[in-house]
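Each chain gets a letter, A, B and so on, in the order its sequence line appears, and its residues count up from 1.
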Amino acid sequence: MSTSPNENRSELPKQYDHLAAQRRWYQFWEQRGCFSSDPNPAKRPYTIAIPPPNVTGALHLGHALNNTLQDICIRRKRMQGFEALWIPGTDHAGIATQAVVERRLLQEEGLSRHQLGRQGLVDRIWQWKNEYEARILGQLKQMGCSCDWRRTRFTLDPICARAVRHTFFSLFKERLIYRGKRLVNWDTMLQTAVSDDEVFHETVDGHFWYINYPLIDPRPGEPAHVTVATTRPETMLGDTAVAVHPDPAGALERAERDLRAKIDDAPAKERPELEDLLEQLRRRRDEMLPLLVKLRDMARRGAMALLPLQNRPIPLIEDIWAKPELGTGCVKITPAHDPNDYEVGKRHGLPMPSILNPDGTLRDEAGPYRGKTIAEARAQVVADLEALGLLAKVEDRKIELAHSDRSKTPIEPLLTDQWFVKMDHLAQTAIDAVVDGRVKIIPSRYAKGYLDWLGEKRDWPISRQLWWGHQIPVWSAAAADRNALSDALALLAELDRRFPRLMKHQVEEPERTGEGAAPGGAVVHACLLEDQPELIAALESAGFVRSPDVLDTWFSSALWPHSTLGWPEQTPELRYYYPTSALVTSRDIITLWVARMVLAGLHNVGEVPFAEVYIHPKILDAYGEGMSKSKGNGVDPIDVIEKFGADALRFGLAYLTTETQDIRMPVEFECPHCEKLVEQTRENRILPRIKCPHCGKAFSTQWAKKPADVALPRGAVVSERFELARNFCNKLWNASRFVMMNLEDYRPAAMSSEELRVEDRWVLSRLFTVTEVVSSAFDEYRFADAARALYDFAWDEFCSFYVEMVKTRLQNEAERPVAQRVLTHALDVLLRLLHPVAPFVTEEVWQRLAAIAPVRGLDDPRPAAESIMIAPWPVARKEDRDAQIEALFARFQEVLRGVRDIRARQNVPPRTTVRFSIRTDAELAEALRPMAPYFVSMAGAELTEIGPQTTAPPLCAGIALPAMEVFVNLAGVIDVEAECARKRKELADLEKFIAAKRNKLQNQSFIERAPAEVVQKERDSLNELAAARDAAVRALEQLIAAAKT
RNA sequence: GGGCGAUUAGCUCAGUCGGUUAGAGCGCCACGCUUACAACGUGGAUGUCGGUGGUUCGAAUCCGCCAUCGCCCACCA
C-alpha cells in the first residue's frame, strides 16, 4: 500500500480491485435482467448459440478465448441496439465423458462398467455431469459472459432429446438412416465403434512378415506356394482368399508410366530417389512378372491355397486390389478385419468370418488361438508359422497404427451392425449453403476443408455401443423366413393403425456375407417417435428388442442452433432468433460439427443455422502444442482471473487474436509461498508436486492425488502474457480516477466550439478515428486490431497527452468547465468502446462516473444509461474529424519529444526548468505559440522565442525538425562533450539516410517510372534531411566553438 | 501423398494497396515515487525481416524453389 500522505484525499484505491468489481457488477447485471433476451419485434435479433463445452471437465484457456470472443460480439451488438441473445449450454460428449468416468471408476473403485450395470453407470455420469456443468457455468460467469442463463440447455435434456428424436424419426422415415453391416473402427477397451474422426494415427515400430501359403495340387510348372506379406500376421486366421492382379503386366506398365510422369514433374532433388524406385520396378517386372502371371492363371482356373494353421482351403482370386508393384504382388484377403479387404470380399462374395470378440480377444473362428489377446495370438501365429517353415522372411518397418482418441488403445477394424446417415444429398445441401454464401466462413481459407470433407459424402456412422447418450429409438426383430417376415409386417401395420404417426419401419435385407442368412429372412426395424408405453409393450411382446446403442454425440450437437430454440415446436424464439447470427468456434470441429449443423439445420428447419462462422486461433503452449487437460498443460481461466482479473484475461486474449497466428502461451506455476513464477516444462507439468526453486518449499498441482500432496497449497498456473492487459486495466482505472477526482463541481455547461482548445479538438478528432477503427475491426472479427487500437489510444493519446494537458486547465476556474466537459465525454466514449472487451472495469467506472457526472454526452442532454451494458455503442462524429489539428498536434509532439530527449541526455535535474526557442515560419509559430504552457508542464521547458527570426543561443542543443529548428538553451547545464557526441552520431545517421535517398533519386528509372507523388515525396524527404544535416553541422560547429571559450 | 498456416529485436507478436529511417509489449540500460497511475513516467540500446532466385524504378510485403516448425485430410497388404 502507498504511504503517500495524501492517500486520504481520495476514496478511490490506486489499484483497481478486480475481484470486488467482478462480484459486484455481475450480480448487478443478473439482477437487472441485462442478460435476458426475448423476442422483440421492435428490434433486430442478434443470436449466438454457444459451442456447448463438453462436461468432461472444467474449461481451459481455449474455452476462455472462445467464449470471450462470443461475449465481445454479443455485448457490442447489444449496445448497438440489437435484441442480443447468447444461448448457453453444455454437451454430454458421449464417448469422452463415459471414458473419463469409467476410467475413474476403475482407478478409484476397481469397478468396471459391467459390474455397475447400465443404469448404475449412467447415474454416475449424471453426477459427474452435474458437478462439471455447474463448474463450467460458474467459470463462464466469472469470465463475465452475458449469456441468457434462463435458456441454459444440455444436449441430453428433454428439449434437446425431443429434437433428436424427431430428427432421427424423420431421417429414418426418409430412409436417410439405415442399418448395415460395416467394417468400423472398433475400440476394444471402450467396446464401441468410433468414427474416423475419433481416430488418430501414431507411428510405431513394427514388422513386415512374409508368409508362404501352400497351393493345393499345383500342376507341373506352377509354383508350390504363394507368398503374401502382412504387418498383422494374426489376421491370417480370418483369411478367406489370396488375391492376385488380373493383369499384372498391364498394371506394372501403368505403375511405371505413372512413376515416369512423376519424375518429369519432380524437383531435381527428389529425382534420384524416384529413379531408384523406377529401377526397382523394372527389376520387379523382370523377376516377378512371370510368377504373377502364373498365379493369375491359376486363379482363373480356380486353384486353391491352403490357409496354414487353420488348414482351410481358400481360393486364389483375381482382384485389382492386389498391386503387382507392392509387397509380393499378392495380397491376403481378411474381409472382416481390413477395410480394403472387406470391399474385395463383397466383390467376390467371400465369407467374412470375424475372428475377434468386442473385447479384443479371439473368437472360436480363430481355432486354437481362441481366447488369446491380439498380441498373444500374433506371437503364437508367428512362432507356429516359423515352426512349419512357412515364414519366408521378416522385415522391420514403421507402421502408422490407428488409435482411439478416447482410450488411446489401438483400433481394430471389426465387422458389426451399425446405423448410418446417408450423406449424399444432405452433404450437398451443406456444400451449396457455403458455395452460394448463405453461410460465410471467416477467415475464408477454412471453407476449403469444409467443402472437401463434405464432397466425399461418406455415410456417417451414428451408432455407438455406449450407455451415455441418446438411445437409438429403434426396436428390431429378426424374421427367420418369408412367413415370419409377413407376420411381423402385419403386426406393424396393425400397430400403425392403433397408434397413428408414431412409428415407421424398415426391412433390412441381409447382405451376402457368406454367413448364411436364411432365404427370405430379414430384420425388421421399427422406429418410434416417442416412448408410447403400450406401443412399446406390444412390440416387445412380439419379440422386438430396442437397440442398446446410443447416438454419436455429434448427432445431438448438430441440432444445437435449432434444438435450443425449441424445435420441432414452432416457438416464438425459433421464429425470431433463427437463423442465428454467428458461430464462433475453433477449426478442429469445422467438419465434425459446423458442417453437420448446416445440413441438420437445412433438413429440419429449412434454413441455415447461422449466417457467419468465425474460426478463431488455437491456444498453444510454449512448445507449440495445443492445450489439453490430459497433457497437463491446460490453464484454468480462474487462475488467470484471480491473479490478473477477468478483464485482463479477456483483453489479453482479444489482443492476441489475430487472423493467421495461433496464440502461443508459455505458462508458469505461481509458487503459493513466495509468489514467484516457476516455468512450466514438459517434465514438471505432469508432477503432482513441485518444489519451488526460489524458496525451496513444495506446492501441489492439478495432479495431486495423495493426501500428502493434496494437503500442500496449490500452485496456480498463469501466464505472464496477461500482464500487459492487467497493466492496461489499471492504467484505465487510474486515468478514470484522475478524471473523477477533478469533477467535484462538474456541471454539463453549455459549450460552444470556440471554447475548444487545440488539445480538445485533437482528442475529439482522434476519438472519431478510433471509434471508426474499432467498429470496423469488430465488424470483421479483427479482435486484435480493435484491442490494439483501444490500447494505443487510451494509453498513448488519452493518458499521455490529453489528460496531461488538461491538468493545468483544471486548476483554472475559468477554463475548468470546458476541460471537464470534454474530458468526461472522451472518457465516456472510451469506456463504451472498451466495454465489450473489458466489461467489469468499464462498468465500475461508469457507475462511479454516473454519481458525479450523470449527463456527459457532448450533444446528448440525457443522463447516461444505468448500466454501461445497455449504453449505446459510440457513433463516430464526423464533425469532430480535423486533419489540420492532428497535423499541428503532431508538430507539437515532435518538439516535446525533442526537448525531453535533450533533457534526458544532458541529465538535466528533473526540477530544473530549461529554456528553449523555435525557429519556424510565421504560420506555424502562430499555431504553436498557445502550446507554450504545455512545454512547461510536460517537459519542464519554457518557450522563450518562436518565429522566423529566432536565433540560436550560444550554448545550446539543437534539434532539427522538418521546417523547424529547436534550440534548447543549456547555459550552465551543458555537458558539451556529451552533446558533441550526440550531434556526431546524429550527423552520421543523417548522412547515411541522405546518401540512400540521393542514390534513389539519381536512379533515372525511378524518376521515370515511379508515380510522380512518390518521387516528390522522396525529394521533399531529401530536402528535409539536408536541412536537418545543415542544422546539425551548424550546431556542432557552435558547440565546438563554445567549448573552446 | 494432398492441403493450410507460420518463420520479423533476447521472448511474445504487429506490420494496410509494394514506396517508413521496419514497430509494440515484456526483458535490458540510464534517470525519476513530478499531486491519476512504480501494475508508473522520461529517454536509450537492440534487426542479414528463415535461405535463395525472380518480377519491379523500388520487396518484410508479390512469384518460384529450398530449409525448419505446426496443423488438417488421405493412404500405405
Trainee: Does A/Cys330 reach a base, just sugar-phosphate, or nothing at all? Heavy atoms under 4.0 Å.
Mentor: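 A/Cys330: base contact, heavy atoms under 4.0 Å.
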
Trainee: With sugar-phosphate meaning primed atoms plus P, OP1 and OP2, does A/Arg458 contact a base, only sugar-phosphate, or nothing at under 4.0 Å between heavy atoms?
Mentor: sugar-phosphate

Trainee: Contact class for A/Arg900 vs. all strands (heavy atom < 4.0 Å): base, sugar-phosphate, or nothing?
Mentor: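 Since only primed, P, OP1 and OP2 atoms lie under 4.0 Å of A/Arg900, the category is sugar-phosphate.
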
Trainee: Reckon A/Glu804 touches a base, only the sugar-phosphate, or nothing at all at heavy-atom distances under 4.0 Å?
Mentor: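 Base: the residue A/Glu804, judged by heavy atoms under 4.0 Å, touches a nucleobase.
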
Trainee: Can you confirm if the NZ or CZ of A/Lys807 lies within 45° of the ring axis of A/Phe738 and under 6.0 Å from the centre of its six-membered ring?
Mentor: yes

Trainee: Which part of the nucleic acid, if any, lies within contact of A/Trp795, taking any heavy atom under 4.0 Å across all strands shown: a base, the sugar-phosphate backbone alone, or nothing?
Mentor: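 Sugar-phosphate only.
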
Trainee: Could you check whether A/Asn730 gets within reach of a base, just the sugar-phosphate, or nothing at all, counting any heavy atom under 4.0 Å?
Mentor: base

Trainee: What about A/Lys731: does its side chain form a donor-acceptor pair under 3.5 Å with the base of B/C37?
Mentor: yes

Trainee: Counting any heavy atom closer than 4.0 Å, what does A/Thr658 reach on the DNA or RNA strands: base, sugar-phosphate only, or nothing?
Mentor: sugar-phosphate

Trainee: Sort and list the pairs that fulfil salt bridge (charged side-chain N to carboxylate O under 4.0 Å, His left out) and have at least one residue in residues 324-341 of chain A, not counting sequence neighbours.
Mentor: A/Asp239-A/Lys332

Trainee: Wobble G-U and Watson-Crick pairs count when both distances are under 3.5 Å; given that, what is the 5' to 3' dot-bracket string of RNA chain B, with | for pairing to other strands?
Mentor: (((((((..((((.....[...)))).(((((.......))))).....(((((..]....))))))))))))....

Trainee: Tell me, yes or no, whether the heavy-atom count around A/Glu1013 atom CD, taken from other residues, nucleotides or ligands under 6.0 Å, exceeds 12.
Mentor: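 Open: at most 12 neighbouring heavy atoms sit under 6.0 Å from CD of A/Glu1013.
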
Trainee: Is A/Lys807 side chain donor-acceptor paired with the B/A36 base, going by distance under 3.5 Å alone?
Mentor: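 Checked by distance alone, the answer is yes.
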
Trainee: Which nucleotides of nucleotides 19-25 of chain B have their base under 4.0 Å from a protein heavy atom (B), which only their sugar-phosphate (S), and which neither (-), written as one string 5' to 3'?
Mentor: BSB---S

